[in-house]
Amino acid sequence: MKQSFVTTFAHAKINLALAVLGIRDDGYHELQSVMQSIDLHDVVRVRRAGEKVTCHCGELSGSGNIAHIAAELFLQELGLSEGVEIHIEKHIPIQAGLAGGSSDAAATLRLLNKLFDNPLTKKTLLELAGKCGADVAFCLGGGTMWAAGRGEELDFLPKAPCLDLVLVKPRAGVNTREAYQRFDRDGRSGFLVRADWENALRESSPQQIAALLYNDLEIASIPLVPEISDLKQQLLAEKCYGALMSGSGSCVFGIAQSGEHARQVAEKLKNRGHKNVWVTKTADHESM
Ligand SMILES: C[C@](O)(CO)[C@H](O)COP(=O)(O)OP(=O)(O)OC[C@H]1O[C@@H](n2ccc(N)nc2=O)[C@H](O)[C@@H]1O
Ligand SMILES: Nc1ncnc2c1ncn2[C@@H]1O[C@H](COP(=O)(O)OP(=O)(O)OP(=O)(O)O)[C@@H](O)[C@H]1O
């Protein structure tokens with residue numbers, strides 16, 4: 001008898017703020033970040049099947065998919081030799097700085113734990129997430145989080161208010177490793193004041209949040225994809241409260257004044273020939 005699927009949404013994230021403090025001995029960078037889940041999501045389905053892991057995800061199918069890697073790690077941790085089948089419906093753009101792959105990996109870990117009756121603790125799931133990639137731990141629960149270390153040391157922040165967002169991705173993406181390499185060459189480290197973020201989030205004020213938007217990787221990614229700078233200016237010219245590149249890019253988000261304003265701005269960008277434009281909003285934390 002065929003086993004049935006379990007399904008979940010894999011939410012994208014934006015970095016409302018990202019400071020790169022410096023390079024570590026392991027080659028990764030020490031970060032401070034305010035990470036925020038958004039409504040834009042992939043759909044991930046998993047079921048027990050066969051003796052191997054299979055991952056179906058259009059052009060990203062196969063063992064290189066980060067969700068496939070996550071499933072292997074999960075089964076290995078439990079010493080299981082059975083297989084699982086993963087299906088991913090992609091909506092999150094690739095190489096956008098929106099943690100699309102990381103979110104699929106996190107969703108796979110969540111679903112497998114459910115499918116196998118919760119054999120792994122939250123702590124072990126976070127450890128497995130850390131082995132998949134720096135953003136995967138955040139994507140396990142999402143919400144509004146303070147991230148430190150490589151990005152995997154997480155702490156709750158006051159929940160962000162509902163922010164109406166316009167996302168726009170240039171045609172070209174950014175390779176995350178390349179953005180960090182550029183940062184090492186040309187970048188300058190800033191730092192975030194956590195208390196300022198806590199206040200702005202507690203005030204539930206989109207304007208106050210917009211005033212604190214910050215990303216040390218922007219300066220590194222703009223030479224790789226100059227359109228980032230132009231898109232940011234367009235979002236600001238359309239009276240978004242603030243605009244910023246997310247993560248390592250190349251996607252740029254604007255905080256709109258309302259849902260209607262976000263739709264109007266998105267329409268204008270589309271009319272100017274920008275194809276990859278989304279209207280979305282912030283999403284809440286989900287329990288693991
Ligand atoms: C830019 C961000 O999205 C901000 O949240 C993350 O820092 C990137 O997270 P990610 O894509 O999950 O990163 P990983 O897949 O773990 O690493 C990709 C590459 O990014 C660089 N990397 C990533 C995270 C970090 N703290 N320092 C780094 O230097 C490393 O060169 C690494 O080889
Ligand atoms: N499930 C997946 N979804 C998207 N990309 C994947 C997936 N699995 C593996 N990849 C590979 O990972 C690369 C980067 O993925 P992704 O789009 O998540 O980057 P990103 O948006 O820069 O993420 P981040 O914000 O975490 O740095 C892709 O170019 C692709 O080759």
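Indexing begins at 1, ligand by ligand and atom by atom, following the structure's order.
- In terms of N/O distances under 3.5 Å, ligand 2 is approached by G101.
- Compare K13, Q95, E59, K90 by their heavy atoms: the one nearest to atom 16 (P) of ligand 2 is in Q95.
- For the pair R48 and F116, the distance from NZ or CZ to the six-membered ring centre is under 6.0 Å and the angle to the ring normal is within 45 degrees.
- Protein heavy atom nearest atom 12 (O) of ligand 1, with residue, atom name and distance: D135 N, 3.0 Å.
- Side chains of D216 and F183 form a contact here, defined as non-hydrogen atoms less than 4.5 Å apart.
- Of all atoms in ligand 2, numbered sequentially from 1 with element shown, those under 4.0 Å from a heavy atom of G100 are 18 (O).
- Taking a 4.0 Å cut-off on heavy atoms, A99 registers as neighbouring ligand 2.
- Using a 4.0 angstrom heavy-atom cutoff, G101 does not count as in contact with ligand 1.
- Looking at atom 7 (C) of ligand 2, its nearest protein heavy atom turns out to be I66 CG2, 3.8 Å.
- In this structure, K13 counts as a contact residue of ligand 1, since one of its heavy atoms falls inside 4.0 Å of the ligand.
- Counting only non-hydrogen atoms, the option in I94, I69, D42, I92 that gets closest to atom 28 (C) of ligand 2 is I94.
- No side-chain donor-acceptor contact under 3.5 Å links S229 to the backbone of P226.
- Taking K169 as the reference, nothing meets the salt bridge (Lys or Arg N to Asp or Glu O under 4.0 Å) condition, with sequence neighbours excluded.
- Atom 11 (C) of ligand 2 has as its closest protein heavy atom L60 CD2, 4.7 Å.
- Applying the salt bridge (Lys or Arg N to Asp or Glu O under 4.0 Å) rule to D184 yields no partners; only residues at least two apart in sequence or on another chain are considered.
- By heavy-atom distance, the residue among C132, G97, G58 lying nearest atom 20 (P) of ligand 2 is G97.
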